[in-house]
Amino acid sequence: LREWAHRDDDLVRAQVALVFTAKPAARMAPRLTDVLDALSSDPSPQVQRALKKARRAIASVHPTFTTLGRGQAEFRPGTR
């Protein structure tokens, strides 16, 4: 995922974001904040739409998940 988050193809980067919409992947999100950060700064509208869905899925699994502005994901202590 880390490598694919930096590919030139918008569709590939959007698919990386959509991986996080699955609960098992959303549970792994705290270990992959660098991927979320890379996607957060992506200018592609397609990637941003996919990331919005991913953020909702991650927040449902990790209620303390937050984004600190554009390009910074954070998980506060006490997550499940």
Item to check | Separation of M28 CE from F20 CZ (nearest 0.5 Å) | outcome: 8.0 Å

Checklist entry - To the nearest 0.5 Å, what is the distance between CG (D42) and NE2 (H6)? => result 10.0 Å

Item to check | Within-4.5 Å side-chain heavy-atom neighbours: L51 and L36 | outcome: yes

Checklist entry - If you look at every heavy atom in V12 and W4, which pair is closest and at what distance? => result CG1-O, 3.8 Å

Checklist entry - So which heavy atom on A57 is nearest to which on A26, and how close? => result O-CB, 4.0 Å

Checklist entry - How close do Q48 and L39 get, heavy atom to heavy atom, and via which atoms? => result NE2-O, 3.1 Å

Next on the checklist: Check for me, please, whether L1 and V47 land in the same ILVMFWY cluster - side-chain distances under 4.5 Å, paths through other members count.
Outcome noted: yes

Item to check | Minimum heavy-atom distance between A50 and A14, given as atom pair plus value | outcome: CB-O, 3.5 Å

Checklist entry - Which residue pairs pass the side chain to side chain donor-acceptor pair (under 3.5 Å) test with at least one member in residues 15-27, sequence neighbours excluded? => result none

Checklist entry - NZ of K52 to CZ of R56: how many Å apart, nearest 0.5 Å? => result 6.0 Å

Next on the checklist: Tell me the closest heavy-atom pair linking R13 and A5, and the distance in Å.
Outcome noted: CD-O, 3.3 Å

